[in-house]
Peer 1: 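Below is a structure I'd like to ask you about.
Side chains are part of it too, since the values below use all heavy atoms of this structure and drop only hydrogens, waters and symmetry mates.
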Amino acid sequence: MAGRECFHCKQWIEEGEKHDCWTTTEAALTRDLPEDLGDAWERLRETAAWFGEQRIYASHSSIMFSRKSCYFFVRPKRSFLEVVFFLGRTQRSSRIRQTLQSSRAKVAHIVRVTHRDEVEAPLTDWLREAYDASDTVSARTRRKHVPRRARAK
């Protein structure tokens, strides 16, 4: 039969078959995780859900946690969970592998989690801070539109 391979997910798609690799589920992203990573994922999700009202959803290869905007997300990998959280400042720690300026007001912090026992302070404190600050940090990134002055001729 005729078909094609999806450029993004490398899945074979038969001709006429509907395909949307950008939408997925938490279960699909975490299904093949080893037991240690599965336990770490469950603890991460439970901890974040305990913070309060938010939206948790899967998008492409990540599981997003957001209030008005995303305050952290998890990318499940074969041997670790890549946790990326956003703060309004740069946090320095040996646990943080990398920091990136993601916008004028947000700094992304990347942490690798390999075991359930790693989902504790200081990581949970940083996630809580990201949750608490997410609305204010997001509001600072939005600029009010200021019209330009008419040019003099």
Peer 1: Could you check Ile63 against Ile56 for side-chain contact (heavy atoms from CB on, under 4.5 Å), going step by step and ending with a plain yes or no?
Peer 2: CA-CA 7 Å; Ile63 301 167; Ile56 303 172; 4.1 Å; yes
Peer 1: Could you go step by step and tell me if Asp39 and Arg43 meet the salt bridge (Lys or Arg N to Asp or Glu O under 4.0 Å) rule?
Peer 2: CA-CA 6 Å; Asp39 291 345; Arg43 189 167 188 177; over 6 Å; no
Peer 1: Work out which heavy atom in Trp41 is nearest to a heavy atom in Leu81; give both atom names and the distance.
Peer 2: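 Closest approach of Trp41 to Leu81, heavy atoms only: N-CD1, 3.6 Å.
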Peer 1: Taking all atoms of both residues into account, what is the closest heavy-atom pair of Ser134 and Arg67, and its distance?
Peer 2: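 The pair with the smallest heavy-atom distance is OG-CD, 3.1 Å.
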Peer 1: Roughly how far apart are Thr25 OG1 and Arg31 CZ, rounded to 0.5 Å?
Peer 2: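 Rounded to the nearest 0.5 Å, the OG1-CZ separation comes to 6.5 Å.
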Peer 1: Within the structure provided, determine whether Val74 and Val113 are in side-chain contact (heavy-atom separation under 4.5 Å).
Peer 2: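 The answer is no, as the side chains (C-beta and beyond) never meet within the 4.5 Å cut-off.
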Peer 1: Tell me if a side-chain donor or acceptor on Glu17 pairs with a main-chain N or O of Ile13 at a distance below 3.5 Å.
Peer 2: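 Not at all, since once roles are kept as given, no pair shorter than 3.5 Å links the two residues.
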Peer 1: Kindly give the heavy-atom pair with the smallest separation between Leu123 and Val119, and that separation in Å.
Peer 2: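 Minimum heavy-atom contact is CD2-CA, 4.4 Å.
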Peer 1: In Å, rounded to the nearest 0.5 Å, how long is the span from CD of Glu82 to OG of Ser61?
Peer 2: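 So the gap between those two atoms works out to 9.0 Å.
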Peer 1: How many angstroms lie between CZ in Arg78 and CG in Asp32, if you round to the nearest 0.5 Å?
Peer 2: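 Arg78 atom CZ to Asp32 atom CG measures 9.5 Å (nearest 0.5 Å).
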Peer 1: At what distance, to the nearest 0.5 angstrom, does CZ of Phe72 lie from CD of Gln54?
Peer 2: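 So the CZ of Phe72 and the CD of Gln54 are separated by 7.5 Å.
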Peer 1: Holding to side-chain hydrogen bond (donor to acceptor under 3.5 Å, both in side chains), I want the full list of residues that pass it with Glu26, two or more places apart in sequence or in another chain.
Peer 2: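 Scan of Glu26 (side-chain hydrogen bond (donor to acceptor under 3.5 Å, both in side chains), adjacent residues dropped) gives Arg45.
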Peer 1: Look at atom CD of Glu35 and say whether more than 12 heavy atoms of other residues, nucleotides or ligands are closer to it than 6.0 Å.
Peer 2: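 Counting neighbours around CD of Glu35, 12 or fewer heavy atoms of other residues, nucleotides or ligands fall under 6.0 Å, so no.
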Peer 1: Can you name the residues that form a ring-ring contact (aromatic ring centres under 6.0 Å, His included) with Phe85, not counting sequence neighbours?
Peer 2: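 For Phe85 the ring-ring contact (aromatic ring centres under 6.0 Å, His included) partners, ignoring immediate neighbours, are His109, Trp126.
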Peer 1: Might you point out which heavy atoms bring Ala58 and Leu29 nearest each other, and give the distance in Å?
Peer 2: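 Nearest pair, atom of Ala58 first, then Leu29: CB-CD1, 3.9 Å.
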Peer 1: Is there a side-chain contact between Thr47 and Glu120 (heavy atoms, below 4.5 Å)?
Peer 2: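 Thr47 vs Glu120: side chains apart.
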Peer 1: Heavy-atom distance under 4.5 Å between the side chains of Val107 and Leu87, does that happen here?
Peer 2: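 Heavy-atom side-chain distance check fails, nothing below 4.5 Å.
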Peer 1: Taking only residues two or more places apart in sequence, or in another chain, which ones meet Arg97 in a side-chain hydrogen bond (donor to acceptor under 3.5 Å, both in side chains)?
Peer 2: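 Residues passing side-chain hydrogen bond (donor to acceptor under 3.5 Å, both in side chains) with Arg97: none at all.
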Peer 1: Check whether any side-chain heavy atom of Gln91 lies under 4.5 Å from a side-chain heavy atom of Thr99, and answer yes or no.
Peer 2: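 Side-chain contact under 4.5 Å: no.
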Peer 1: Can you label the angle between the Phe51 ring and the Tyr131 ring as parallel, tilted or perpendicular, going by 30° and 60°?
Peer 2: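 Taking Tyr131 first and then Phe51, their aromatic rings sit tilted (interplane angle of 30° to 60°).
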Peer 1: Go through Leu100 and Val84 one step at a time and tell me if the side-chain contact (heavy atoms from CB on, under 4.5 Å) criterion holds.
Peer 2: CA-CA 10 Å; Leu100 303 164; Val84 181; over 6 Å; no
Peer 1: Indicate the atoms forming the closest heavy-atom contact of Ala130 with Tyr71, along with that distance.
Peer 2: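 Result for this residue pair: O-CB, 3.6 Å.
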Peer 1: Nearest 0.5 Å please: distance from the CZ atom of Arg116 over to the CG atom of Leu44.
Peer 2: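 Going from CZ on Arg116 over to CG on Leu44, the span is 10.0 Å.
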Peer 1: Give a yes or no on whether the backbone of Arg95 and the side-chain of Ser93 come within a donor-acceptor separation of less than 3.5 Å.
Peer 2: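 Side chain of Ser93 to backbone of Arg95: a pair is present.
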Peer 1: What are the two closest non-hydrogen atoms of Phe86 and Ala108, and how far apart are they?
Peer 2: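 The answer is CE2-CB, 3.6 Å.
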